[in-house]
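Here's the structure we're looking at; comments come further down.
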Amino acid sequence: MPELPEVETTRRGIAPHVEGLQVQVVRIRHRGLRWPIPQGLEERVAGQTVLSVGRRAKYLLLQLGSGTLLIHLGMSGSLRLVDPLLPPGRHDHVDLVFESGVALRFSDARRFGAVLWIEGDPAQHKLLAELGPEPLSELVSGEYLFARSRGRRQAVKTFLMDNRILVGVGNIYANEALFDAGIDPRRAAGVISLVRYERLADCVKVVLARAIAQGGTTLRDFVGGDGKPGYFQQQLQVYGREGQPCVRCATPLLRVVLGQRASVYCPRCQR
DNA sequence: CCCGATTCCTGTAGGC
DNA sequence: TGCCTACAGGAATCGG
């Protein structure tokens, strides 16, 4: 599923092919995503030039002349460059057809994604206004996480996945970063020391940067289409490995549910 | 304010 | 082989 590295990989993949180009036609075949695609979006977008392709958290932001097209890939979404004549599949909900004769095609089987039109400053939009800092920015540090976690009794893993604290850490990378940092995902966020948060902040950055460098966990499917883990999967140390031996000490990995999410950890290495 | 539970959807994996 | 069910998961929103 697309996490931040996959979204960033998508951004880098499409930007050179659409920036500076005019959208000729917008074709919408299914408006029922997480929120309905707004009526009239076709008319607002057609004829405009893509000034830039940006990203905030897991949201892609196509900056156009008079507004911003916000795209979220949800869990099963993808954006691919295709020949507009290629017959759309069942889950190919939106095409942006460019003057260059290429189409940007949005597909999303589970329809947890979103395509919205924003006028004015996107940072003020309801979906973006309350978001915490980007994980790879210097704003996210051990000191920051330590300060924000004081007084909180929730598990450190759910704290780490809270978009108001920091963005871009989904379930896969939360599990991996906590393993790398040697922290038990069930521990109360508010009682973890500054030193351990320094380590955790480092591990979050390293694991995300590595995944981005490798084109995300789902690179293969970013091109091919469906959302199974790709290259980075071979390097996952705990995610999806319940019952298998810890790569460090061979103790069988345990699974617990935190915040309705599967959490896998090593009971010996993570305290 | 804090935090866990619920909800959307459908492809896939596992059980029989 | 094929049917059936449980599960996965981002994040807004609800409920306590």
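Only this structure's heavy atoms are used, side chains among them; waters, hydrogens and symmetry mates stay out. A, B, ... follow the sequence lines: proteins, then strands. Residue 1 opens every chain.
- The side chain of A/Arg34 contributes no N or O atom lying less than 4.0 Å from OP1 or OP2 of C/dA12.
- For B/dG4, its base never sits under 3.5 Å from the side chain of A/Arg153 at any donor and acceptor pair.
- Protein atom CZ of A/Arg164 is 12 Å distant from nucleotide atom P of C/dT13, rounded to whole Å.
- As judged by a 4.0 angstrom heavy-atom cut-off over every strand, A/Arg261 is placed among the base-contacting residues.
- In this entry the distance linking CZ of A/Arg148 with P of B/dC3 reads 11 Å, nearest Å.
- Between A/Arg111 and C/dG9 there is no side-chain polar atom (N or O) within less than 4.0 angstrom of OP1 or OP2.
- Picking from B/dG11, B/dA5, C/dA8 the nucleotide with the shortest atom distance to the side chain of A/Ala262 gives C/dA8.
- Atom CG in A/Asn171 sits about 6 Å away from atom P in C/dG10, given to the nearest Å.
- For A/Leu127, the listed nucleotide lying nearest its side chain is C/dA12; candidates were C/dA12, C/dT13, C/dA8.
- A cation-pi contact, defined as under 6.0 Å to the ring centre and within 45° of the axis, is absent between A/Arg29 and A/Phe106.
- Between A/Lys58 and A/His72 the shortest side-chain heavy-atom distance falls below 4.5 Å.
- The residue A/Gln154 sits close only to the backbone: its heavy atoms come under 4.0 Å of sugar-phosphate atoms, none of a base.
- Across all strands shown, A/Arg150 has no heavy atoms under 4.0 Å from either base or sugar-phosphate atoms.
- Look at CG on A/Leu60: it is 14 Å from C1' on C/dG10, rounded to the nearest Å.
- Taking 4.0 angstrom as the limit, A/His91 places none of its side-chain polar atoms (N or O) nearer than this to OP1 or OP2 of B/dT10.
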